[in-house]
Amino acid sequence: MERRAIVIVGPTCSGKTSLAINLALKLKSEIISADSRQIYKYLNIGTAKPSVPELNTVQHHFIDCFDPTELYNVSRYEKEVLKTLYILFDKNIVPVIAGGSGLYIKALVDGIVDIVDTDDEYRIELLKLKIEDGNEALYELLVKTDPVSAETMLPQNWKRIIRALEVYKLSGKFIWQLHEEQERNVDAEFIQYGLKWDREILYENINNRVDNMIESGLVEEVKTLLDKKYSPELNSLNTVGYKEIISYLQNEITLERAVELIKRNTRRYAKRQMTWFNRDKRIKWIEINSANQLDNIAEFIYTDVYK
RNA sequence: GGGCAGAUAGCUCAGUCGGUAGAGCAAAGGACUGAAAAUCCUUGUGUCGGCGGUUCGAUUCCGUCUCUGCCCA
């Protein structure tokens, strides 16, 4: 039996959602979201989550699964998606995976180091070291324990340093060793397509979408979350569109400024996504400069997959 | 019509006592393996508004024109 999945990537606001639905309908398939924020409940407007009618059109997985207090991560995602994938493969379905979280997709396609868990206590200890003695102290510790990894990391990038130290403490192995030993965790073919927009048009669309989000009640959505006593410190709320509105609600900036920042930060996010995806030479890029082309693109992918 | 103040990077401006210029923002490029919408790194050549003049040399001084803003008629 052939195990195949279609993967749709691209920057935020590139039309992945509607393309995935369109394709899934043609393929009589289901959609697996690869989005680290749409997986949370109540984060709807700001994450541009598919609408309720859209969610009802095609079966979606990994959307609206967790409370914002939940600490989610790539490894959990990978393990859970693999289970879902096998269920779909068994039903002879070609799943449509769509999303903008590059690392999540990479974890599926190439596997990820998932034998080493997290150590929250140790993380806190290291974080304390960073805060009290600075990035350099943290970096020095890495130089001592894992000089090879230290070579590839800068002292300022404390998140990567903490993870490298954590992996060593928990497994006694260096993180780079584990990367070298890493193998794929699934036996399937992933056919990846990327939506490549003209930069200027994409940015214009992003700006417009942010304005629409505000009109649709993004401020209310964030206010409701805070009223429900969700902490602004939550990772789930450390998200473009949410952190800026939180800062507005806490009277740190004006709404106008918040909107400006959301637009800018979304543009930068889109750019980072493009940088990430550009590196993967297996992705087939499809040029697009208007949402009207999405139907044709769905048709193209459909025939491309079955050619 | 007259007066004054401007015109320098995509934007807002600084600066050069004459030796062709630099900040902030925007932007661009990149890294990334359990927080990834996270976290982090690198990057500033632009007819210094046009044309003339003075000068070895003008973006800088002078003249003039154009445009913008303000004021007076």
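Excluded from the calculations below are hydrogen atoms, water molecules and symmetry mates; all remaining heavy atoms, backbone and side chain alike, are included. Residue numbering restarts at 1 for every chain, and letters A, B, ... go by the order of the sequence lines.
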Specify the separation, in whole Å, of atom [atom1] of [X] and atom [atom2] of [N].
{"X": "A/Asn157", "N": "B/C40", "atom1": "CG", "atom2": "P", "value": "7 Å"}
{"X": "A/Trp158", "N": "B/A36", "atom1": "CH2", "atom2": "P", "value": "12 Å"}
{"X": "A/Leu126", "N": "B/U39", "atom1": "CG", "atom2": "C1'", "value": "16 Å"}
{"X": "A/Arg123", "N": "B/G34", "atom1": "CZ", "atom2": "P", "value": "8 Å"}
{"X": "A/Tyr104", "N": "B/A35", "atom1": "OH", "atom2": "P", "value": "8 Å"}

Partner set under side chain to side chain contact (heavy atoms under 4.5 Å, CB included) for A/Glu54, not counting sequence neighbours = A/Thr17, A/Ile21, A/Pro50, A/Ser51
Contacting residues from [range], given that a heavy atom lies under 4.0 angstrom of RNA chain B:
{"range": "residues 198-232 of chain A", "value": "A/Arg199, A/Tyr203"}
{"range": "residues 130-149 of chain A", "value": "none"}
{"range": "residues 183-193 of chain A", "value": "none"}
{"range": "residues 258-276 of chain A", "value": "A/Arg264, A/Arg267, A/Arg268, A/Tyr269, A/Lys271, A/Arg272, A/Thr275, A/Trp276"}

Just checking [X]: base, sugar-phosphate only, or nothing, at a heavy-atom cut-off of under 4.0 Å?
{"X": "A/Asp110", "answer": "nothing"}
{"X": "A/Val116", "answer": "base"}
{"X": "A/Gly46", "answer": "base"}
{"X": "A/Leu103", "answer": "base"}

How are the rings of A/Tyr230 and A/Tyr42 set relative to one another: parallel (under 30°), tilted (30 to 60°) or perpendicular (over 60°)?
-> tilted
Dot-bracket notation for RNA chain B is requested: 5' to 3', Watson-Crick or G-U wobble pairs only, both distances under 3.5 Å, with ( ), [ ], | and . as defined.
-> (((((((..((((.....[..)))).(((((.......))))).....(((((..]....)))))))))))).
Report yes if a donor N or O on one partner sits less than 3.5 Å from an acceptor N or O on the other, where the partners are the side chain of A/Arg163 and the base of B/G34; otherwise report no.
-> yes
Taking only N and O in the side chain of A/Thr12, is any of them less than 4.0 Å away from OP1 or OP2 of B/A37?
-> no
Under-4.0 Å side-chain N/O to phosphate OP1/OP2 contact, A/Asn278 with B/G29 = no
